[in-house]
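So the structure is just underneath, and the comments pick up after that.
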Amino acid sequence: MTRPAQFFTTPIYYVNAKPHLGHAYTTIAADVATRFKQMDGYDTYFLTGTDEHGDKIVQAAEKENCSPKEYVDQISRLFQDLWPVLNISNNQFIRTTNPGHIKVVEQILTRIHDSGDIYFSSYEGLYCFGCERFYQERELTDGKCPDHGTAPEVIKESNYFFRMSQYQDWLIDHIKANPDFIRPEQYKKEILSFLKEPLEDLCISRPKTRLTWGITLPFDKDYVTYVWFDALVNYISALGFPDGDLFRKFWPTTRHFVAKDIIKPHGIYWPIMLKAAGLDIYNGLNVHGFWNVRGSKMSKSIGNVTDPVEVTGEYGVDPFRYFLMREMVFGRDANFTEDQIVTRINSDLANDLGNLFSRVLTMTNRSCPEGFSNQIPALSARETEYSLKDSALQAVDEFKQAMDLCEFHNGTAAVWSFVSLMNKYIDTREPWALAKDETRRQDLELVLYNLVEGLRVVACLIYPVMPDTAKKMQAALGLNTDNNGLVPLHTIMPWGQTAFGTGFEKPAILFPRIEEKPKETQQVQAKPFKPALKDQISIEDFSKIDLRTGTILSAQKVEESSKLLKLTVDLGIEKRQIIAGIGKTYSPESLPGKQVIVVANLKEARIMGEVSQGMVLAVKDKKKLVLSGVESQTANGKPVQ
RNA sequence: GGCGACGUAGCUCAGUUGGUCAGAGCAUGCGGCUCAUAUCCGCAGAGUCCGGGGUUCAAAUCCCUGCGUCGCUACCA
């Protein structure tokens, strides 16, 4: 009998920054799903990798004084090195700079080009050669490039476009006909609502005069492909499209794990690309939410970008994986704080499971140093009264049901309900009392046997989330761990697999408690995961900025704008018109008379059709912008040092 | 401004298709046990399920509206 197949992927991560918590979560989730499916008898394949082309990479490489290839090698290495640390069991790590991948991208492009869904279209635009980019007319200042002060040239640029609109109705039908195509439900709704608007064709190329770090179009050597075909095709190139064994076996079973920010490319562009290329559509998309850190979205400027390497170093891999799976409702956003991870580790792992493991094995070791005697089955008359079997069975069922739906929080919760039940069971049966009464020797053994059996079930179920701990527990329980902790789901349940006549070692501590919580809090504040500041600049850099005092003379709303105000500012020597995005915090009437600090030598810009000759300084606090002024009234136009 | 969410006990949040849905964990208080990593077990708190309106025999759960928070985006020089 052949085993059913299951293919899981993570997105290929863009190598413009080192891995953070979000990357770790997606990858761990996919890993947990993979390990679960393996338990459930599936033949799995698990793919992750890095996305390495594009303009941003070229720029980043220039900054680092190295070639794009050297740069992407370096960052991609960080990802490749992280996964073993997090116990990720991926079968392959794909890079979009791999020759094999590039070849498949060319094939797909050729197919779709041949079938007529890629067309060439030229358009005229205003192009500034200095900036190497097109400008909209409203972006220009007096018809000139705001950066270079030169008139942009009207040039005709042509690009390749992917005709998506004709597949729109097909996609809507496909999504509706396959309820599992996009999960959870809320994201399916979101995609369908996107699809209510007509789809525009997708620009899929860049001329080599503008971008060289990419894959050359097979049908036009002067162009490289841009983002979509380059990146998404990794999912099939990794499997050896078009005729690899892996491709045939796994492709139809694909489930992609993605974060909610990239559902559009995955939920719309990708299926349409596949359809246009005449390929099977992947099976489905599992969409998860974002991790906020300490209450706000991860961002470099807030300084809360969380490094999974640091967290793992602090708390260990398994606790980290457990926390991520237990705390986030798959699909929704969740919050990550030191306090919460410490609480989870202490209460769920150390107190509930770790302590249970310890107390059961210590008692068993003491009461039955030679192991259980095999008279226990004879006690079947009392089995119902004493058994944990039904609860264990329920835990296994609920676990399986939840894990199948990627409801990892519910899966772990089901296991922990059982753990909690075992703790209650001990309280009720009072094995320490039984141990003092020789006449109740058999009752004692039965109670302990049931508990050891219960631990065995738990040790098997936690494998997808905490593979190391699963193995450790199984070893302590005298089970075979040749398969590194993986025990087939259907073999867990026959109750009574614990061997007779073999004693147990005194157990090691599974999860040490993290003590001194107040101290922890202090440490967190004293040592943020990452410094919040931008790179250092020299005094020369700073002196280039000409800051002056100025007084707002008048202010009015910019029409059709929600937060832009048009200010007239007296700089002493001259008056300036400045457009400022402070309309959410300040009303126009409240501004005249206020003295502010102005960046006086900022290039002119045109915003919403209005000229802006400078910028007023303001402090950004969440969405609020608070103007920065001077401590006491001064003359206008004075330099700020 | 547009699009999308979210607003449930002190805190963090569960509550797919409306009728034991008023819940869990943590924190707090009291009580119990002593096998165990000072762990475990039991009990308690009375929270207008953001406000208002509507649909319904019945709504935290559906519809409308108001307020608040957040994300994306547009116009953050």
Side-chain angles (χ1 to χ4, degrees), chain A residues 138-139 141 146 179 183-187 189-190 193-194 196-197 260-261 263-264 289-290 292 295-297 326-329 331-337 339-340 342-344 346-367 405 407 409-410 413 416-417 419-420 422-436 444 447-448 451 507-515 517 558 560-565 578-584 598-599 601-618 620 622-623 625:
Chain A
R138 60 178 176 80
E139 292 178 292
T141 307
R183 278 198 320 225
E185 189 76 12
Q186 60 195 110
Y187 295 108
K189 284 184 190 159
E190 203 170 321
S193 102
F194 278 138
K196 280 179 189 157
E197 301 297 322
K260 66 181 184 183
D261 56 336
I263 55 175
K264 223 168 157 177
F290 285 155
N292 294 318
S296 35
K297 187 180 158 67
R326 181 70 184 80
E327 197 74 10
M328 176 177 267
V329 177
R332 309 192 56 156
D333 292 356
N335 201 16
F336 185 96
T337 68
D339 273 359
Q340 279 169 299
V342 168
T343 298
R344 278 289 175 202
N346 279 346
S347 57
D348 293 9
L349 298 183
N351 296 349
D352 290 349
L353 176 58
N355 182 56
L356 172 70
F357 179 74
S358 171
R359 67 199 297 211
V360 168
L361 286 192
T362 303
M363 282 189 284
T364 306
N365 183 43
R366 190 173 302 150
S367 299
L405 295 170
E407 292 173 357
H409 58 298
N410 284 335
W416 259 259
S417 295
V419 166
S420 172
M422 285 165 74
N423 274 320
K424 288 193 212 338
Y425 179 89
I426 295 177
D427 210 57
T428 320
R429 305 297 168 196
E430 299 186 318
W432 53 90
L434 298 177
K436 287 173 188 155
L444 173 65
V447 166
L448 292 177
L451 287 165
I509 297 285
L510 228 41
F511 305 101
R513 264 187 80 81
I514 299 165
E515 297 298 344
K517 246 186 157 178
V558 175
E560 289 174 27
S561 147
S562 62
K563 66 177 177 189
L564 293 185
L565 297 182
I578 295 175
I579 307 299
I582 55 174
K584 284 266 163 73
V598 174
V599 182
N601 62 338
L602 196 66
K603 269 176 196 148
E604 269 192 16
R606 191 172 272 272
I607 306 156
M608 288 287 282
E610 298 281 357
V611 174
S612 182
Q613 308 161 303
M615 171 173 150
V616 294
L617 297 192
K620 185 166 188 179
K622 295 199 175 170
K623 281 207 164 164
L625 279 174

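As rounded to the nearest Å, B/U34 and B/A46 have P atoms that lie 32 Å from one another. Distance noted for atom C1' between B/U56 and B/C62: 10 Å (whole Å). Of the P atoms belonging to B/G52 and B/A60, the separation is 13 Å, rounded to the nearest Å. Comparing the P positions of B/C49 and B/C43 gives an interatomic distance of 26 Å, to the nearest angstrom. Comparing B/G25 with B/G68, their C1' atoms are spaced 27 Å from each other, to the whole Å. Using P as the reference atom, B/G15 and B/G19 are 15 Å apart when rounded to the nearest Å. Rounded to the nearest Å, the gap between the P atom of B/A22 and that of B/G32 is 33 Å. B/C3 sits 32 Å from B/U48 when the C1' atoms are compared, rounded to a whole Å.
The CG atom of A/Leu451 sits 13 Å away from the P atom of B/C41 (whole-angstrom rounding). If you take NZ of A/Lys264 and P of B/C3, they are 14 Å apart, rounded to a whole angstrom. If you take CG of A/Leu349 and C1' of B/U39, they are 14 Å apart, rounded to a whole angstrom. One interatomic measurement links the two molecules: CD1 of A/Ile509 to P of B/U39, which rounds to 12 Å at whole-angstrom precision. Rounded to an integer number of Å, the gap from A/Tyr187 OH to B/C3 C1' is 15 Å. Atom-to-atom, CG of A/Asn292 to P of B/U12 comes out at 12 Å; the value is rounded to the nearest Å. The distance from atom CG of A/Asn423 to atom P of B/G42 is 9 Å, rounded to the nearest whole Å. Taking atom CG of A/Asn346 as the reference point, atom P of B/C11 lies 22 Å away to the nearest angstrom.
OP1 or OP2 of B/C40 sits under 4.0 Å from a side-chain N or O of A/Asn351.
Within the 4.5 Å cutoff, the side chain of A/Leu434 has no heavy atoms near those of the A/Leu448 side chain. Looking at heavy atoms from C-beta onward, A/Leu444 lies out of side-chain contact with A/Met363 at the 4.5 angstrom threshold. At a threshold of 4.5 Å between non-hydrogen side-chain atoms, the residues A/Ile509 and A/Phe357 do not count as touching.
Nucleic acid contact class of A/Phe357 (heavy atoms, under 4.0 Å, all strands): none. A/Leu361 comes within 4.0 angstrom of no nucleic acid atom, judged by non-hydrogen atoms across all strands.
Not counting sequence neighbours, the partners of A/Thr362 by the side chain to side chain contact (heavy atoms under 4.5 Å, CB included) test are A/Ser358, A/Arg366, A/Pro507. A/Asp333 meets the side-chain hydrogen bond (donor to acceptor under 3.5 Å, both in side chains) test with A/Lys260; sequence neighbours excluded. Considering only residues two or more places apart in sequence or on other chains, A/Arg326 meets the salt bridge (Lys or Arg N to Asp or Glu O under 4.0 Å) condition with none of them.
Applying the salt bridge (charged side-chain N to carboxylate O under 4.0 Å, His left out) rule to pairs touching residues 348-357 of chain A yields A/Arg344-A/Asp348, sequence neighbours excluded.
Under the Watson-Crick and G-U wobble criteria, each requiring two contacts below 3.5 Å, nucleotide B/C43 is paired to B/G29. Summarising the base pairing, B/C49 is matched to no nucleotide, lacking a Watson-Crick or G-U wobble pair whose two defining distances lie under 3.5 Å. Nucleotide B/C6: paired with B/G68 (Watson-Crick or G-U wobble, both distances less than 3.5 Å). Pair assignment for B/C62 gives B/G54, based on Watson-Crick or G-U wobble hydrogen-bonding distances that are each under 3.5 Å. Across all strands shown, nothing is found opposite B/U17 as a Watson-Crick or G-U wobble partner with both distances under 3.5 Å.
Closest approach of A/Asn335 and A/Asn292 over heavy atoms only: OD1-O, 3.0 Å. Here the closest heavy-atom approach between residue A/Ala580 and residue A/Val616 is recorded as CB-CG2, 3.9 Å. In this structure, A/Pro184 and A/Gly331 approach most closely via the heavy-atom pair CG-CA, 3.9 Å.
For the atom pair CZ (A/Arg332) and CE (A/Met328), the distance works out to 11.0 Å, reported to the nearest 0.5 Å.
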Output one line per pair: protein atom, nucleotide atom from nucleotides 13-18 of chain B, and distance, for all N/O pairs under 3.5 Å.
residue, atom, partner, partner atom, Å
B/A14, OP1, A/Arg332, NE, 3.4

Pairs under 3.5 Å (N/O, protein and nucleotides 31-35 of chain B):
residue, atom, partner, partner atom, Å
B/C35, O3', A/Arg366, NH1, 3.4
B/C35, O2, A/Arg359, NE, 3.1
B/C35, N3, A/Arg359, NE, 3.3
B/C35, N3, A/Arg359, NH2, 2.5
B/C35, N4, A/Arg359, NH2, 3.0

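Both A/Ser347 and A/Asp352 lie near RNA chain B, and the one whose nearest nucleotide falls closer to the 5' end is A/Ser347.
The listed nucleotides are B/U37, B/A77, B/G42; the one nearest the side chain of A/Lys424 is B/G42.
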